[in-house]
Visitor: 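Sending over a structure as structure tokens; questions will come in a sec.
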Amino acid sequence: MVKDLFERIQKNKGPLGRWASQAEGYFVFPKLEGPLANRMQFHGKEVINWSINDYLGLANHPEVRKVDAEAAAEYGSAYPMGARMMSGHTSWHEKLEQELASFVGKESAYLLNFGYQGMVSTIDALVSKNDVIVYDVDSHACIIDGVRLHMGKRFTYKHNDVESLEKNLERATNMAETTGGGILVITEGVFGMRGQQGKLKEIVELKKKYNFRLLVDDAHGFGTLGKTGAGAGEEQECQDGIDVYFSTFAKSMASIGAFVAADKDVIDFLKYNLRSQMFAKALPMVLVKGALKRLEMLRTMPELKDKLWENVNYLQNGLKEKGFNIGDTNTCVTPVYLEGSIPEAMVMVNDLRENYSIFLSIVVYPVIPKGIILLRMIPTATHTKADIDETLAAYEAIREKLVNGTYKAIAAQTTVDVSAE
């Protein structure tokens, strides 16, 4: 008997979907309103916003908005029409690619419509069924989904564990010698939940012993790390050892789009084999012209990154001084680890938003282990010391309520099922 395809999804909403009736519209799919900034509107009141990836404060910068508006007025939102291979190619797309390649120290670059689909398609294009992929177990979902398309062998290594990576490189080498393929290692420049840099320099060193190519997703490192902002590879002085450098415009560039950079022969191959771009409409001109302006500001206004790091250090030092566990982050991403259940976490975040006017992202199981609550903050160049001081005071108050059982008691009196973990 053939089952109704929808029977499963009607009975099992998934680990996050099970909370939809209690969470949607507030904890997930919330509506932040007003100009993108350090303070925005949520449910009709002003909140300090720690949940947008606008690291350098470009999203609402007057120079950026001016260029975006002028490009929209000149080209509209449709131009150019069609895929770039057919009718959507322009000299402005080429100019942006050239400037991106130069900025990250690579020979060539290729513009992508989205970071997520771009990474999925890049992995798919780079490997054949005879090749072996070795990747960090904590890699972003876009990497996981790209690896899922791979018809050959793949191995994970323990998060940021070079010894584990080497063991898996040995396995991959044996496998590749059998299949006649190559090896692709994938990691991130910055891991977006924990805030750790990937151990790029140590991984590049392994090239002296093993024959592999390295793909790095540097979404959170681009614009925030390195002397010029060229990312985690520049920060660790190993950019030349990264064979394929990937980043998105959705973080420091405060826009839509992405790019991949590498040697010219690699980019030439991707241009003709990257399915997500070959069969997709070209990135609209308003986004291309806007990206060129944002990149110019990254290059010429180092004070933006300086202000960002002034805020990062003030926030992270303040949290540590007050005894909060922020793990081993060495980037702008600022996680705060607390112990508690999902219902307690929901009550806590409600308290933060309603009574302390703090808006931030909450991360719970299954993204992190059960019993852990991760409050994830993204400092930006637009935050102020007053924002940070107010947030630190709020954190001390909520920690006390979590420890003394206040949140657990409130959760037990609401519709939240405390036993449902």
Side-chain angles (χ1 to χ4, degrees), residues 23 26-27 30-55 57 60 192-195 224 306-364 368 371-411 413-414 416:
Y26 192 89
F27 298 102
K31 300 181 184 74
L32 281 167
E33 298 175 309
L36 291 166
N38 55 315
R39 292 184 182 240
M40 297 180 68
Q41 297 292 314
F42 179 67
H43 282 213
K45 65 184 295 184
E46 184 182 80
V47 292
I48 301 173
N49 181 15
W50 296 103
S51 285
I52 57 174
N53 295 316
D54 183 23
Y55 284 117
N60 202 39
M193 286 296 169
R194 305 188 193 195
T224 69
D306 292 343
K307 178 59 178 175
L308 166 65
W309 275 99
E310 179 184 321
N311 287 339
V312 169
N313 291 329
Y314 189 68
L315 173 64
Q316 293 185 357
N317 289 337
L319 286 165
K320 286 187 286 189
E321 287 169 5
K322 293 182 182 300
F324 286 96
N325 176 13
I326 65 171
D328 56 354
T329 178
N330 55 358
T331 67
C332 302
V333 179
T334 304
V336 175
Y337 298 93
L338 300 166
E339 294 183 4
S341 66
I342 292 176
E344 286 175 296
M346 294 169 74
V347 174
M348 178 198 303
V349 170
N350 176 262
D351 192 24
L352 271 171
R353 294 178 181 179
E354 299 304 320
N355 299 314
Y356 299 96
S357 298
I358 306 294
F359 186 97
L360 47 74
S361 298
I362 173 177
V363 184
V364 294
I368 58 175
I372 300 296
I373 302 169
L374 191 161
L375 300 178
R376 177 176 175 261
M377 291 187 288
I378 302 294
T380 73
T382 62
H383 281 103
T384 66
K385 287 191 174 181
D387 295 333
I388 297 170
D389 288 337
E390 193 173 327
T391 301
L392 292 173
Y395 266 51
E396 287 189 295
I398 64 164
R399 177 174 58 188
E400 175 61 24
K401 294 179 186 180
L402 181 64
V403 172
N404 68 23
T406 299
Y407 292 142
K408 187 172 184 178
I410 295 173
Q413 296 169 9
T414 66
V416 176

Visitor: Apply ring-ring contact (aromatic ring centres under 6.0 Å, His included) to Y337 and list each qualifying residue two or more places apart in sequence or on a separate chain.
Guide: none
Visitor: Above 12 or not: heavy atoms from other molecules or residues under 6.0 Å from NZ of K45?
Guide: yes
Visitor: With a 4.5 Å heavy-atom cut-off, do D54 and N60 have their side chains touching?
Guide: no
Visitor: What are the two closest heavy atoms between D387 and I48, and how far apart are they?
Guide: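 Looks like O-CD1, 3.7 Å.
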Visitor: For residues W309 and C332, determine if any side-chain heavy atom of one lies less than 4.5 Å from a side-chain heavy atom of the other.
Guide: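 Of all side-chain heavy-atom pairs linking C332 with W309, at least one is under 4.5 Å.
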Visitor: Going by ring-ring contact (aromatic ring centres under 6.0 Å, His included), name the residues that satisfy it together with F324, two or more places apart in sequence or in a different chain.
Guide: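 Partners of F324 under the ring-ring contact (aromatic ring centres under 6.0 Å, His included) test: Y395.
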Visitor: Quick check: do I52 and F359 have side-chain heavy atoms less than 4.5 Å from each other?
Guide: no
Visitor: Do R353 and Y26 make a side-chain contact, defined as non-hydrogen atoms from C-beta onward lying under 4.5 Å apart?
Guide: yes
Visitor: Between atom OH of Y314 and atom NZ of K385, what is the distance when rounded to the nearest 0.5 Å?
Guide: 5.5 Å
Visitor: Please round to the nearest 0.5 Å and tell me the distance separating atom CD1 of I326 and atom CD of Q316.
Guide: 4.5 Å
Visitor: Could you walk me through whether I388 and W50 pass the side chain to side chain contact (heavy atoms under 4.5 Å, CB included) test, one step at a time?
Guide: CA-CA 10 Å; I388 297 170; W50 296 103; 3.7 Å; yes
Visitor: Do L392 and E321 come within less than 4.5 Å of each other through their side chains, counting heavy atoms only?
Guide: no
Visitor: Return the CG to CG distance between D389 and L315, rounded to the nearest 0.5 Å.
Guide: 10.0 Å
Visitor: Any chance you could measure K31, atom NZ, to H43, atom NE2, to the nearest 0.5 Å?
Guide: 6.5 Å
Visitor: Kindly give the heavy-atom pair with the smallest separation between Y356 and E390, and that separation in Å.
Guide: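 Distance-wise, the nearest heavy atoms are O-OE2, 4.0 Å.
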Visitor: Which is it for M377 and T391 under the side chain to side chain contact (heavy atoms under 4.5 Å, CB included) test, yes or no, and what are the steps along the way?
Guide: CA-CA 10 Å; M377 291 187 288; T391 301; 4.0 Å; yes
Visitor: If I compare all heavy atoms of L374 with all of M193, which pair ends up nearest, and what's the gap?
Guide: CD1-O, 4.1 Å
Visitor: Counting distance only, does the side-chain N/O of N311 pair as donor-acceptor with the main-chain N or O of H383 below 3.5 Å?
Guide: yes
Visitor: Does one side chain, of N313 or N317, offer a donor that lies under 3.5 Å from an acceptor on the other?
Guide: no
Visitor: Is the shortest side-chain heavy-atom distance between L36 and M40 below 4.5 Å?
Guide: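 Sidechains of M40 and L36: in contact.
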Visitor: Report, as yes or no, whether the 6.0 Å neighbourhood of atom CD on E339 holds more than 12 heavy atoms from other residues, nucleotides or ligands.
Guide: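 No - once you tally the heavy atoms of other residues, nucleotides and ligands closer than 6.0 Å, there are 12 at most.
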Visitor: I'd like to check I362 versus M348 (side-chain heavy atoms, cut-off strictly below 4.5 Å). Are they in contact?
Guide: no
Visitor: Find out whether L375 and I398 are in side-chain contact, i.e. whether some heavy atom of one side chain is under 4.5 Å from a heavy atom of the other.
Guide: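 In contact.
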Visitor: Supply the atom-to-atom distance S341 OG to L402 CG, rounded to the nearest 0.5 angstrom.
Guide: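 Nearest 0.5 Å value for the OG-CG distance: 8.5 Å.
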Visitor: At what distance, to the nearest 0.5 angstrom, does CD1 of I358 lie from CG of L360?
Guide: 7.5 Å
Visitor: Tell me the closest heavy-atom pair linking A345 and V364, and the distance in Å.
Guide: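 Closest approach of A345 to V364: CB-CG1, 4.0 Å.
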Visitor: Who are the side chain to side chain contact (heavy atoms under 4.5 Å, CB included) partners of I378, not counting sequence neighbours?
Guide: N53, Y55, V333, R376
Visitor: Search all heavy atoms of S51 against all heavy atoms of S361 and return the closest pair with its distance.
Guide: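 Heavy atoms only, the tightest pair is OG-N, 2.8 Å.
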